[in-house]
Amino acid sequence: MDEKSLNFLEEIVEADLASGKYKSIITRFPPEPNGYLHMGHAKSICLNFGLALKYGGKTNLRFDDTNPVTEETEYVEGIKNDIKWLGFNWAQELYASDYFEQLYQFAVTLVTKGLAYVDDSSSEEIAKQKGTPTQPGVNSPYRDRSIEENLRLFAEMKEGKYKDGEKVLRAKVDMAHVNMHMRDPLMYRIKHTHHHRTGNNWCVYPMYDFAHGQSDAIENVTHSICTLEFVPHRALYDWFIEKLSIYPSHQYEFARLNMTYTIMSKRKLLQLVNEKHVAGWDDPRMPTLAGVRRRGYTPESIRQFCDKIGIAKRENLIDVGLLEFCVRDHLNKVATRRMVVFDPLKVVITNYPEDKSEILASENNPEDHDNPGSRDIPFGRELFIEREDFMEEPPKKYFRLAPGQMVRLKSAYIIQCNEVIKDGNGNIVEVHCSYVPESKSGSDVSGIKVKGVLHWVSASHALGVEVRLYDRLFKVENVSIAEGDFKDYINPESLSVLPNVYAEPAIAGATEMERFQFLRKGYFVLDKDSTKDKLIFNRAVTLNDMWAKEVSK
RNA sequence: UGUCCUAUGGUGUAAUGGUAACACUGCAGAUUUUGAUUCUGCCUUUCUAGGUUCGAAUCCUGGUAGGACAACCA
């Protein structure tokens, strides 16, 4: 039935399982707690957890917290929350910092084997020793210290005898290696800094290269999956594992996610937050999971998106339209329908009694065929429709309201426009219509067929709410190749707030994570800024709009 | 002037030596009490030059193009 082809990692896993190399697999998701997760992480999460789920293994959450300078507990909590929200459960919650003692012993082992040494060179000197990609490096003058001296010096580093930067521990590999990462890479550096978990217990901290593979090995990770920029690290990853004779985890790399009109760099996203170009990590314009969640995107839609984009090793730039498609696709199935008029134009039904009003019913979700549900909508003599749904001189193919033209008010009656009322300046202030009593929705015996169907609200029952509409965060499709500062390309119109729009009264029952479709306007979600007196809705995405497309032609 | 990775419609991703396909986008049409949804159809593809082979998107060689690599970041 489901003959979906495998991506290259699934092929590797299947081959490893088939050959008996592993009985089951262990993957891990290894964020550094120095920021919030974004859509790129979602791709990695779906991959790592998805693999384990598909092939009956497990996935650990491991915080790669080896740099105390940038890491904070706030981020740890945010990350855990985001993963759970996406719908995944980790087998174990682990921290690289849990392994500091063991990592230290690993380092001692390498020193003892003559494979690591303490270097007094400054970072500038070390950089110089490294050479360039086309020129071999040269040995450090400290490279040939005795094992005993190295042991003593490294112990002293750990004990806090030296200041930051005074000494480092380096692996003794090959300063002439074609791979820059193999030219005696740093294993440990001194940082007299408070760590979010180990406090002041340590003043030497392992580098990524001396923590990641070792952590994988400690946890018996079978498939350690990371992004392409780590390809050159793989040789080192394997080297440490081999020299330490520890569990042989293997590293595999895939291409990271790039999306049009946004950025996926933690560093740059942090900049947007710090410099207040956005309201925070959870600003609905941000590609962070906190942002898209607040925007109203669902975990289901994000998982579907991650499934659709696939996994490969070539650079990519995914059209954000695909994400929006996934969001619409899911929201269409689950969103509660409501009518909200953004830019009101008063309609007076002149043949409807002034003192009369009635309650009509409308389905909550026509896509839910088993249980569409229904809510009450008040109808009266004075209504609001969308100003753009009326034109005095309509163009061809316009089948909304116009003088003499008939339209249906959704779930109510067919009306005909008889008169346009203007103020002294010629602005339209209201339109007078007559309704067809026998055209009532559900019991229409009028025999009249109309093409246009409008959303509307009763003027006297309408509830004032705020809507926040979002557009792309950047003006250019590919922000990363745009010249100059990426911030120059921020879209100044990415947010527009409509502080008071007119909603049908049933909106009052909105709950926090309930998704809505405002008919013909888009998908919305209640924002956390809402108060009892003022509901605020974020627009996740617009509806497809063929008419808008037609007009723009 | 190094090493490594990559190259399939506009964008992604498949095809695992045997008819290049799927999704998104775009275009056209049908249905529709949301110009939504749904449905149908159409447009558009193997970087290049050689080689191996009965047969190459796939294997080999050269070229070209893009990316990664020289943080006491991860």
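Per chain, numbering begins at 1; letters A, B, ... match sequence-line order.
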Quiz item: NA contact type, Arg337(A), heavy-atom cut-off 4.0 Å: base, sugar-phosphate, or nothing?
Solution: base

Across every strand shown, the nucleotide meeting Watson-Crick or G-U wobble geometry with rA7(B) (both distances under 3.5 Å) is rU64(B)

Of the listed rC72(B), rU37(B), rG67(B), the closest approach to the Glu315(A) side chain comes from rG67(B)

message: Counting the atoms with a prime plus P, OP1 and OP2 as sugar-phosphate, which does Gly442(A) contact under 4.0 Å by heavy atoms, base, sugar-phosphate, or nothing?
response: base

Among the nucleotides rC73(B), rA14(B), rU34(B), whichever has the atom closest to the side chain of Leu519(A) is rU34(B)

Worksheet entry | Check: Tyr413(A) ring centre within less than 6.0 Å of Phe379(A) ring centre | yes

Of rA68(B), rC72(B), rA36(B), the nucleotide closest to the side chain of Asn544(A) is rA36(B)

Between rC73(B) and Lys191(A), is there an OP1 or OP2 to side-chain N/O distance shorter than 4.0 Å?
-> yes

### Message
Closer than 4.0 angstrom, basic N to acidic O: yes or no for Arg375(A) and Glu504(A)?
### Response
yes

How would you label the contact of Ile311(A) with the nucleic acid (heavy atoms, under 4.0 Å): base, sugar-phosphate, or nothing?
sugar-phosphate

Query raised in the report: Asn7(A) side chain N/O closer than 4.0 Å to the phosphate oxygens (OP1, OP2) of rU13(B)?
Result: no

- request: May I ask you to check whether Tyr36(A) and Tyr75(A) place their ring centers less than 6.0 Å from one another?
  value: yes

Taking rU34(B), rA70(B), rU11(B) as options, the one with an atom nearest any side-chain atom of Lys130(A) is rA70(B)

Counting only distance, no hydrogens or angles, is the base of rU33(B) paired donor-acceptor with the side chain of Ser411(A) under 3.5 Å?
no

As its Watson-Crick or G-U partner within any shown strand, both distances under 3.5 Å, rC69(B) has rG2(B)

Quiz item: Do Arg328(A) side-chain and rU37(B) base share a donor-acceptor contact under 3.5 Å?
Solution: no

Between CG of Leu317(A) and P of rU13(B) the distance, given in whole Å, is 11 Å

Within residues 153-170 of chain A, the residues having a heavy atom closer than 4.0 Å to RNA chain B are Gly165(A), Val168(A)

- request: Report which part of the nucleic acid Ser265(A) touches: base, sugar-phosphate, or nothing (heavy-atom distance under 4.0 Å, all strands).
  value: nothing

From CD1 of Ile126(A) across to P of rA70(B) the rounded distance in Å is 15 Å

Worksheet item: Are any of Lys549(A)'s side-chain N or O atoms less than 4.0 Å away from OP1 or OP2 of rG26(B)?
Response: yes

Taking the basic N atoms (NZ, or NE/NH1/NH2) and the acidic carboxylate oxygens, is any pair closer than 4.0 Å for Glu166(A) and Lys161(A)? no

Q.
Mind checking if Leu228(A) touches a base, just sugar-phosphate, or nothing, with heavy atoms under 4.0 Å?
A. nothing

Record whether the side chain of Glu367(A) comes under 3.5 Å of the base of rU38(B) through a donor-acceptor pair of N or O atoms.
no

Atom P, compared across rU58(B) and rU40(B): separation rounded to whole Å: 34 Å

Taken to the nearest whole Å, CG/Asp329(A) to C1'/rU37(B) is 10 Å

Contacts of Tyr208(A) and Gly131(A) projected onto RNA chain B by closest heavy atom; the upstream (5') one is Gly131(A)

Self-check item: Distance, C1' atom - from rC59(B) to rU52(B), rounded to whole angstrom
Solution: 8 Å

Surrounding NZ of Lys268(A) (heavy atoms of other residues, nucleotides or ligands, distance under 6.0 Å), is the total greater than 12? yes

Taking OP1 and OP2 of rU8(B), is either one under 4.0 Å from a side-chain nitrogen or oxygen of Arg314(A)?
yes

Tyr261(A) atom OH is separated from rU11(B) atom P, nearest whole Å, by 13 Å

* **Gap in Å between the two P atoms, one belonging to rA21(B) and one to rU38(B), rounded** => 24 Å

Rounded to whole Å, the CZ-C1' distance (Phe230(A) to rC73(B)) equals 9 Å

Quiz item: Which part of the nucleic acid does Pro31(A) contact within heavy-atom distance under 4.0 Å: base, sugar-phosphate only, or nothing?
Solution: nothing

note: Phe305(A), atom CZ; rU25(B), atom C1'; distance rounded to Å ~ 14 Å

Check this for me: does the side-chain of Arg520(A) come within 3.5 Å of the base of rU34(B) through a donor and an acceptor?
no

Give a yes/no verdict on base stacking between rG35(B) and Trp547(A): centres under 5.5 Å, planes within less than 30° of parallel. yes

Q. What about the rings of Tyr188(A) and Phe154(A), do their centers lie closer together than 6.0 Å?
A. yes

Original post:
Any donor-acceptor pair under 3.5 Å linking the side chain of Lys266(A) with the backbone of Glu32(A)?
Top reply: yes

5'-most contact on RNA chain B (nearest-nucleotide basis), Lys313(A) vs Leu322(A), goes to Lys313(A)

| request: Classify the nucleic acid contact of Tyr205(A) as base, sugar-phosphate or nothing, counting any heavy atom under 4.0 Å across all strands shown. | output: nothing

*asked:* Does atom NZ (Lys128(A)) have a neighbourhood of more than 12 heavy atoms from anything else shown, all under 6.0 Å?
replied: no

Phe325(A) atom CZ is separated from rC22(B) atom P, nearest whole Å, by 15 Å

* Contact class for Met339(A) (heavy atom, under 4.0 Å): base, sugar-phosphate, or nothing? -> nothing

Taking a pair to mean Watson-Crick or G-U wobble geometry with both distances below 3.5 Å, rA21(B) pairs with rU13(B)

Discussion item. Under 4.0 Å, heavy atoms only, any strand: does Gln517(A) hit a base, just the sugar-phosphate, or nothing?
Written reply: base

Taking rG35(B), rU13(B), rU34(B) as options, the one with an atom nearest any side-chain atom of Asn316(A) is rU13(B)

Of rA74(B), rC69(B), rG35(B), the nucleotide closest to the side chain of Arg189(A) is rA74(B)

For rU31(B), the nucleotide meeting Watson-Crick or G-U wobble distances (both under 3.5 Å) is none

Quiz item: Is the distance between the ring centroids of Tyr205(A) and Phe100(A) under 6.0 Å?
Solution: yes

Counting the atoms with a prime plus P, OP1 and OP2 as sugar-phosphate, which does Thr70(A) contact under 4.0 Å by heavy atoms, base, sugar-phosphate, or nothing? nothing

If you take atom types as modelled and just measure distance, does the side chain of His233(A) reach the base of rA74(B) with a donor-acceptor pair under 3.5 Å? yes

Pairing partner of rA74(B), by Watson-Crick or G-U wobble and under 3.5 Å for both distances, is none

Rounded to whole Å, CE of Met182(A) lies from P of rC69(B) at a distance of 18 Å

- Are OP1 or OP2 of rA74(B) and a side-chain N or O of Arg267(A) less than 4.0 angstrom apart? no

Ranking rU34(B), rU33(B), rA74(B) by distance to the side chain of Asn67(A), first place goes to rA74(B)

The nucleotide from rG12(B), rA14(B), rU37(B) with an atom nearest the side chain of Ser5(A) is rA14(B)

Under a 4.0 Å threshold between the charged nitrogen and the carboxylate oxygen, would Arg145(A) count as salt-bridged to Asp119(A)? no

Is there a donor-acceptor contact under 3.5 Å from the side chain of Ser439(A) to the main chain of Ser446(A)? no

Answer yes when Glu363(A) and Lys410(A) have at least one side-chain N-carboxylate O distance shorter than 4.0 Å, and no when they do not. yes

Of the listed rC4(B), rC72(B), rG35(B), the closest approach to the Val231(A) side chain comes from rC4(B)

Paired to rC43(B) by Watson-Crick or G-U wobble criteria (both distances under 3.5 Å) is none

